[in-house]
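Here is the structure we will look at.
Because the structure is a prediction, the values reported are computed rather than measured. Atoms within a ligand are numbered from 1 in the order they appear, just like the ligands themselves.
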Amino acid sequence: MKTVAFIGLGNMGGPMAANLVKANYVVKGFDLSEQAKEQARKDGIEVVDNVDEAVAASDAIITMLPAGKHLLSVYEVTLKAAKPGSLFIDCSTVDVDSSRTAHDAAEKAGMLSLDAPVSGGVGGATAGTLTFMAGGTKEAFDKAHELLDVMGGKIVHCGGAGNGQAAKICNNMILGISMIASSEAFNLAEKLGLDHQALFDVASTSSGQCWSINTYCPVPGPVPTSPANNDYAPGFAAALMLKDLKLSQDAAKSAGVSTPLGSHAEELYQSFNDAGGSGIDFSGIINHLKGSK
Ligand code: NAD
């Protein structure tokens, strides 16, 4: 594969596409935002005005879009324009149903398709160290590997169509719940006269240990790289955590699965977002919880 179409050159897609350019791929990029296009040009991406043109000239088509409705509207156009047998890779985080609908449409149009949402944020996208969770056939996965390898550090094949999205929302449901649990523990410790560092030293090496404490501790001090030490600048914004929790709860409803803590985490992140937290790192919920009755 030499030429790649990249649709959605925002905070994540922009640096991912730039890494493909650095690895000597010809990248034809498309976005609706002037700001995204301008940055992409600076990064060596051939920005095109017509998405059909980009897709028809490419062997692989990568999308990095806000939500399922954007994905389906882009696929409606691009599946008609692409060469038969082209590889469609969707890296956006979208609902499982839209992802599976997109896979079906791609398959009917004679294309290979993969859902490959990511974890690792803008830092991982820039450094080329994202984790990809992929769903689709082995053929599509094997073919996509060389591209994902340029943009990521870890690539996991999670099974058939939509399973990458399923893995992503299950993981982030754990993360949302565990960040709330960690925050509640630090808030309680504070009131009981227990030092942040002392709780960290115990919990990070005991049965309470988890990523939300060990790597992304929600209080300033114990983990110097955590957003708590940078006034809770994201990182991973609370708006995106709320998006992923909503996707997990939609999926739980449609699969008939009981997820009471996932549902409560969604309510708490909704309340944090409503109170003005949407642009704050998701670990900033610790301060919102202090104010909740
Ligand atoms: P973003 O809003 O910065 O970028 C999305 C881009 O898509 C925008 O530039 C927008 O103009 C473009 N777009 C929208 N509709 C389009 C269309 N029809 N045609 C072409 N371009 C279109 O968002 P982002 O932070 O880059 O996130 C992208 C995806 O990655 C989302 O699904 C998000 O949930 C997921 N994600 C984000 C992060 C993160 O930390 N930002 C981490 C993991 C996953």
Problem set entry | N-O pairing of Glu38 and Arg41 below 4.0 Å | no

Considering only the protein, which heavy-atom contact is closest to [atom], and what is its distance?
atom                    : result
atom 4 (O) of ligand 1  : Gly10 CA, 3.4 Å
atom 9 (O) of ligand 1  : Asp31 OD2, 2.8 Å
atom 17 (C) of ligand 1 : Leu32 CD1, 3.6 Å
atom 18 (N) of ligand 1 : Val74 CG2, 3.6 Å
atom 33 (C) of ligand 1 : Lys243 NZ, 3.7 Å
atom 22 (C) of ligand 1 : Leu65 CD2, 3.5 Å
atom 14 (C) of ligand 1 : Pro66 CD, 3.7 Å
atom 36 (N) of ligand 1 : Thr93 OG1, 4.1 Å

Element-labelled atoms of ligand 1 that are located less than 4.0 Å from some non-hydrogen atom of [X]:
X      : answer
Phe30  : 19 (N), 20 (C)
Met64  : 5 (C), 7 (O), 29 (C), 30 (O)
Lys168 : 43 (C), 44 (C)
Gly8   : 7 (O)
His70  : 15 (N)
Ile7   : 20 (C)
Ser33  : 11 (O)

Problem set entry | Val96: hydrophobic cluster co-members (side-chain, 4.5 Å) |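 Val96 shares its hydrophobic cluster with Ile169, Leu247.
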
Check: [Y] main-chain N/O paired with [X] side-chain donor or acceptor under 3.5 Å:
X      : Y      : answer
Tyr25  : Ala17  : no
Asn214 : Gln209 : no
Asn19  : Val150 : no

Exercise. Under the side-chain contact (heavy atoms from CB on, under 4.5 Å) criterion, do Leu242 and Phe272 qualify, and how do the steps go?
Worked result: CA-CA 9 Å; Leu242 179 59; Phe272 180 34; over 6 Å; no

For this session: Please confirm whether Gln35 comes under 4.0 Å of ligand 1, counting heavy atoms of the residue only.
Result: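 Judged by the 4.0 Å heavy-atom criterion, Gln35 does not count as contacting ligand 1.
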
Exercise. So is Ser73 in contact with ligand 1, going by heavy-atom distances below 4.0 Å?
Worked result: no

Exercise. Which pairs with one or both residues in residues 16-28 pass salt bridge (Lys or Arg N to Asp or Glu O under 4.0 Å), sequence neighbours excluded?
Worked result: Lys28-Glu46

Exercise. Do the ring planes of Phe282 and Phe236 sit parallel (below 30°), tilted (30 to 60°) or perpendicular (above 60°)?
Worked result: perpendicular

For this session: Report the relative orientation of the aromatic rings in Phe141 and His157; use parallel for angles under 30°, tilted for 30 to 60°, perpendicular for over 60°.
Result: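 Parallel: the ring planes of Phe141 and His157 meet at under 30°.
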
Problem set entry | Side chain, backbone, both or neither: the part of Leu240 lying under 4.0 Å from ligand 1 by heavy atom | side chain

Exercise. What is the distance from atom CG of Leu268 to atom CG of Leu289, rounded to the nearest 0.5 Å?
Worked result: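 The CG atom of Leu289 is 6.0 Å from CG of Leu268, to the nearest 0.5 Å.
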
For this session: Apply the test side-chain contact (heavy atoms from CB on, under 4.5 Å) to residues Leu175 and Tyr216: give CA-CA distance (whole Å), side-chain angles for both, the deciding distance (0.1 Å), then the verdict.
Result: CA-CA 11 Å; Leu175 178 61; Tyr216 214 81; over 6 Å; no

For this session: Before signing off on this row, confirm whether Met12 and ligand 1 have an N or O atom pair separated by under 3.5 Å.
Result: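 In this structure, Met12 places an N or O atom under 3.5 Å from an N or O of ligand 1.
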
Problem set entry | ligand 1 N/O within reach of Asn11 N/O, cut-off under 3.5 Å | yes

Exercise. Around atom CD of Gln35, are there more than 12 heavy atoms of other residues, nucleotides or ligands at under 6.0 Å?
Worked result: no

Exercise. Are side-chain N/O atoms of Gln249 and Thr259 paired as donor and acceptor at under 3.5 Å?
Worked result: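 A donor-acceptor contact under 3.5 Å links the two side chains.
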
Problem set entry | atom 2 (O) of ligand 1 within contact range, any protein heavy atom under 4.0 Å |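 Given the 4.0 Å cut-off, atom 2 (O) of ligand 1 does not count as touching protein heavy atoms.
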
